[in-house]
Every structure is written in structure tokens, then in C-alpha cells.
Amino acid sequence: MTGTDKKQTSAVSPTPPILEAAVRAKKASRELARLSHENRVKALTAMADAIDAAAKDILKANALDIASMDKQEPTPEHDVLKKRLALNESKILDITRSIREVSKLPDPIGQTLMSRELDSDLILHKVACPIGLVAVIFESRPDALPQILSLCLKSGNGALLKGGREAEQTNNQIFACIQKSLVQNDINPEVFALTHKREDIETLLGAKGTVDLIIPRGSNALVSHIMSNTQIPVLGHAAGICHIYVDKEADLHKALRICIDAKTSYPAACNAVETILVHENAAARFLPALLQSFENMRVESRCDEKCKQLVRSIDLGMVKDATADDFGTEFSNLIVAIKIVDSIDAAIQHINDNSSNHTDAIVTEDNSAAERFFELVDSAGVYLNASTRFADGFRYGFGAEVGISNGKLHPRGPVGLDGLTTYKYRLIGKGHIVADYSGANARQFTHKDL
């Protein structure tokens with residue numbers, strides 16, 4: 001046999017560790033789905049207790065992450081990422097409160113969503129079940145990790161989390177608490193896995209058949225990249241460009257409080273307002289007070305020409321000229337774009353043209369204007385006389401959220417337990433066959449809801 005006749009051997013590429021972890025998590029998720037609701041609740045309680053007990057260690061790790069970030073070459077996103085990264089005692093309390101709220105929610109698994117008799121002794125049931133294995137790719141926000149895993153545990157889903165390097169030490173501390181709570185309750189800890197390797201993202205995006213759903217939480221660039229580079233279903237939104245429209249019939253005291261809250265309470269959040277539209281009949285009475293309040297709070301107001309003309313006599317150093325791009329930008333900082341409009345229809349048109357379909361609000365005492373806004377604004381959340389900052393799973397009573405979806409298919413808006421479940425159709429018969437329902441003497445379906 002010549003050398004060319006010999007069998008050629010080729011090196012087999014090793015399976016990436018994250019893919020091995022995915023396979024193990026998928027297998028463990030099937031065990032979790034069969035676990036009793038009582039046991040899942042016990043594990044959630046243990047999770048909250050473990051994070052409470054480790055609060056000092058978590059905050060120390062967070063301080064190290066922040067110090068490490070401050071040593072890096074600053075980027076345009078530095079301040080936003082730092083705000084999202086930072087934890088304090090209040091945030092730790094919010095984390096554990098959220099987990100306990102999730103534990104109190106009804107069991108989402110095994111709920112019968114529909115029962116229908118197709119024929120005598122042929123019964124169809126639509127039953128809620130877990131999705132399977134969820135991959136969550138997130139940046140900066142370590143508080144997202146326990147929110148996501150508490151919802152996955154409650155809903156019986158396995159999870160792979162890819163966190164940002166900037167939060168690695170904080171994430172590891174929190175994840176250790178969660179793993180401890182699983183082991184204490186005889187749950188396979190392989191059901192959840194955590195990585196911070198950037199190269200693992202591409203592996204996860206190509207893991208169709210193992211990963212059932214991808215949830216990105218981060219910058220527009222990250223979310224857009226994920227949506228464009230995977231065949232796995234993606235739940236998420238690329239931007240949070242939220243609007244408040246102050247109508248001519250607005251209570252201006254309410255409007256001032258709402259606008260200040262929506263911009264300044266947490267400007268890095270995706271539900272913070274980025275553009276404020278003001279009806280021209282309310283502008284002269286409202287904008288001087290709003291811009292002065294923003295000036296005092298160090299908010300940069302990027303105003304259109306009409307708006308600037310109204311406040312020329314006031315010394316406001318934080319008022320700048322708005323560009324066309326400002327009205328389609330998620331600033332995620334103490335910056336807001338402001339524009340005067342001549343009608344509610346102009347406001348609605350502006351919102352639909354520039355919104356990311358996240359959350360948009362109207363401030364008015366005119367019920368017909370509010371109803372028009374509700375009907376015509378094409379966003380996941382439309383509010384009347386309330387801050388856009390209410391767009392949050394915990395505030396909606398979901399306990400927590402795995403993310404926010406701006407799409408039009410279920411789920412939409414803040415995504416809680418219902419967004420992590422799907423359903424199966426269970427059909428129970430007694431030897432029924434389709435052939436009996438066709439032909440001249442076909443049996444008839446009863447289609448009776450039970």
C-alpha cells in the first residue's frame with residue numbers, strides 16, 4: 001500500500017467548554033422541570049438568604065470591579081456602564097426582595113391553559129411548560145444575574161449566562177450564592193452556568209438545537225449583533241428610546257414631576273425618558289420650569305429652536321442646540337432632547353417615527369387625547385400621567401424580569417415568568433383515528449370547551 005493509499009486522519013476539534021456546559025444544563029433543566037413547586041420555592045428562598053448573608057462580600061467584589069473599570073482607557077459608554085455596574089446595600093435589598101417576590105408567584109409549570117373536547121373521549125389540553133435552555137448575554141448589570149436565574153428556577157428552565165468582564169468578580173460572588181442554594185436543595189447545579197469569555201458568545205449563537213432561546217441585555221451594538229448572527233429565537237430590544245408628550249391639557253405640576261423622575265431617577269436604564277415633546281400651547285408655561293429644574297440637576301437639555309427661543313432670557317448653561325440625530329438617540333445619561341409640537345397628532349407621528357417601541361407616555365387631563373395616544377402610539381408600553389420608569393417587571397408585579405421585548409409577538413414589554421414558558425398540546429383518546437372523520441359517514445367533531 002502506497003503512502004497515498006493510507007487512511008488520512010484529521011484532528012477532531014475539541015468541544016468548547018461552554019457547549020459542554022450547555023449540554024449538561026439542558027439535561028439538568030429536564031430534571032428541574034419535574035421538580036415540585038414547593039422545592040423550587042425553597043431553593044428561591046435559600047437563594048435570597050444566601051445573597052443576604054454574602055452582601056458584604058458582594059459589595060467588596062463590586063468595588064474591585066469598579067476600581068478595575070476606572071483603570072481602563074475611558075470609552076464613550078464608560079459612565080453608563082459604571083452606573084449599571086455599581087451596587088450598594090439598597091440594590092442588594094432590591095435583589096433579595098425581587099427573588100422573594102418571584103417565590104410567591106403561582107407555579108407557571110403544568111397550568112392547563114385550555115381543555116377542549118374534540119369528540120367523545122377525545123380531549124385536547126394545552127399545558128404550560130418550560131422553554132428548556134435559555135442563554136442570556138448581558139453587560140455590566142450584576143443585579144440582572146439573580147433576577148434572571150430566579151425566574152429560570154421558578155419556571156423550570158436551565159440557563160447559561162455570559163456576563164461582561166467588567167462585572168466578573170461581582171457576578172462570580174452572586175453566582176456562588178445561587179449555586180450554594182441549589183446544592184442545599186438537592187438541585188443539580190449544572191442547570192445554571194456562568195461565563196465571561198467573549199469568544200463564548202459566538203459558540204452560543206451557533207448552538208441551535210441545544211440553546212432554545214437567547215436573551216441579550218446590553219448595548220444596541222450587542223443586541224443588534226446577536227439578532228443578526230443566530231438562527232435561535234431572540235427575545236430582546238436593541239434600544240430604549242422613550243418619550244413623554246406633555247399635552248396642551250396637561251396638569252403641569254404632574255408633568256414636571258413625571259419628566260424629572262423619568263430622566264433623573266436612573267438615567268442609564270432603558271426605561272428612562274430620552275425625548276420630551278411639549279404642545280406649543282403649554283410650552284411657555286411649562287418649559288422654563290422644566291429646563292430650570294434640569295439645570296439644577298445637571299441635566300443637559302438639547303432643545304429645538306422654538307424651545308430655545310422661549311428661554312433665551314434665562315441663564316441656562318445646560319441648554320444646547322438639538323440635532324436631528326438627538327431625537328433618535330438613547331442617551332442613557334443625564335441628557336434629554338426636547339421639542340415643541342403643534343398638535344397631539346404631530347407628537348404621535350414623531351414618536352412612531354423615532355421610538356424604539358419600548359415605552360411612551362402622555363401627560364394630559366383630556367381623556368379623548370389619552371385614548372387617541374393609547375390607540376395610535378405603536379409601543380409595548382403606553383402610559384397616561386405616569387413616568388416611563390414604571391416599565392419594569394418588578395413594578396408590574398412579575399417579581400423580576402429577564403429582559404424587555406419591543407417586538408409584537410408574545411411576549412412583549414417587561415418579560416417575566418410567562419415569557420419563559422411555552423406550551424404543549426396533550427391529546428388523550430381511546431383508539432381514535434383520523435380516518436373515522438372523513439368520507440360519507442364521517443364522525444363529526446364536537447369542539448366543546450371544557
Side-chain angles (χ1 to χ4, degrees), residues 26-45 100-134 148 150-159 185 187 191 209 211-213 215 232-235 374-375 380-382 393-405 407-450:
K26 182 86 172 240
K27 181 179 178 181
S29 72
R30 296 187 180 109
E31 301 169 14
L32 180 62
R34 298 182 68 247
L35 197 67
S36 73
H37 183 231
E38 181 183 7
N39 285 352
R40 280 178 277 129
V41 168
K42 285 181 179 178
L44 284 164
T45 301
R100 292 190 170 98
E101 287 297 319
V102 170
S103 74
K104 296 173 186 176
L105 295 173
D107 185 5
I109 303 175
Q111 300 295 323
T112 300
L113 307 175
M114 180 196 78
S115 289
R116 178 170 295 161
E117 177 192 273
L118 305 188
D119 195 3
S120 179
D121 293 324
L122 184 62
I123 309 299
L124 179 68
H125 300 285
K126 182 180 179 181
V127 181
C129 64
I131 286 174
L133 181 60
V134 180
I148 293 161
S150 66
L151 289 168
C152 286
L153 177 55
K154 180 80 173 188
S155 58
N157 288 286
N185 287 275
I187 298 173
V191 74
V211 174
D212 298 296
L213 178 68
I215 302 176
I232 301 168
V234 178
L235 187 157
F374 282 166
E375 289 176 353
V382 283
F394 179 77
R395 297 184 182 110
Y396 278 15
F398 299 165
E401 67 183 35
V402 292
I404 288 183
S405 173
K408 293 193 177 181
L409 299 179
H410 170 82
R412 196 179 193 202
V415 181
L417 286 175
D418 63 332
L420 289 176
T421 59
T422 183
Y423 49 82
K424 296 178 181 178
Y425 286 106
R426 299 181 182 179
L427 184 61
I428 301 170
K430 290 189 176 180
H432 292 73
I433 61 172
V434 167
D436 291 339
Y437 296 85
S438 61
N441 299 311
R443 289 181 61 91
Q444 298 300 306
F445 291 107
T446 58
H447 289 161
K448 184 194 301 180
D449 286 332
L450 305 177

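Quick note: residue numbers are just sequence positions, from 1.
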Is the backbone N or O of L35 less than 3.5 Å from a side-chain atom of R40, with the two atoms forming a donor-acceptor pair by type? yes

Which value, rounded to the nearest 0.5 Å, describes the distance between S115 atom OG and K126 atom NZ? 11.5 Å

Test side chain to side chain contact (heavy atoms under 4.5 Å, CB included) on F394 and E401; report intermediate values, then the result. CA-CA 7 Å; F394 179 77; E401 67 183 35; over 6 Å; no

Candidate pair H125 and K424, rule side chain to side chain donor-acceptor pair (under 3.5 Å), full reasoning: CA-CA 8 Å; H125 300 285; K424 296 178 181 178; over 6 Å; no

Can Y423 and V127 be said to form a side chain to side chain contact (heavy atoms under 4.5 Å, CB included), step by step? CA-CA 5 Å; Y423 49 82; V127 181; over 6 Å; no

Take L417 and L105 through the test side chain to side chain contact (heavy atoms under 4.5 Å, CB included) and record every step on the way to the result. CA-CA 9 Å; L417 286 175; L105 295 173; 3.7 Å; yes

When rounded to the nearest 0.5 Å, the distance separating OH of Y425 from CZ of R116 is 8.5 Å

Partner of R443 under salt bridge (Lys or Arg N to Asp or Glu O under 4.0 Å), picked from D119, D436, D121, is D119

Closest contact, heavy atoms only, L427 versus L122: CD1-CD1, 3.8 Å

Would you call D107 and K154 a salt bridge, using N to O less than 4.0 angstrom? no

I need the minimum non-hydrogen distance between L151 and V415, along with the two atoms involved. CD1-O, 4.3 Å

Is the shortest side-chain heavy-atom distance between L44 and R100 below 4.5 Å? no

Value for CD (Q111) from CG (D418), rounded to nearest 0.5 Å, stands at 12.5 Å

Beyond-backbone contact of L235 with L213, side-chain heavy atoms, under 4.5 angstrom: yes

Side-chain heavy-atom pair T421, P130 within 4.5 angstrom cut-off: no

Report yes if the side chains of V134 and I148 come closer than 4.5 Å at any heavy-atom pair, otherwise no. no

Backbone N/O of N39 and side chain of N185: donor-acceptor pair under 3.5 Å: no

Side chain proximity check, I123 to L118, heavy atoms < 4.5 angstrom: no

Which heavy atom in G158 sits nearest to a heavy atom in S29, and how many Å separate them? N-CB, 3.3 Å

Aromatic plane relationship, F398 with Y396 - under 30° parallel, 30 to 60° tilted, over 60° perpendicular: perpendicular

Just by modelled atom types, is the E117 backbone N or O under 3.5 Å from a matching donor or acceptor in the T446 side chain? yes

Say you draw a straight line from CZ of R426 to CD1 of I428; how long is it, rounded to the nearest 0.5 Å? 8.0 Å

Is there a side-chain contact between N157 and L133 in this structure, where contact means two heavy atoms from C-beta onward sitting under 4.5 Å apart? no

Between CD on residue E101 and OG on residue S150, distance to nearest 0.5 Å: 11.0 Å

With rounding to the nearest 0.5 Å, note down the distance linking CG in D449 to CE in M114. 7.0 Å

Checking H432 against Y437 for the side chain to side chain contact (heavy atoms under 4.5 Å, CB included) test, could you report, in this order, the C-alpha distance in whole Å, the side-chain angles of both residues, the deciding distance, and whether it holds? CA-CA 10 Å; H432 292 73; Y437 296 85; 3.4 Å; yes

If you compare all heavy atoms of S155 against all heavy atoms of P108, which two are closest, and at what distance to 0.1 Å? CA-CG, 3.9 Å

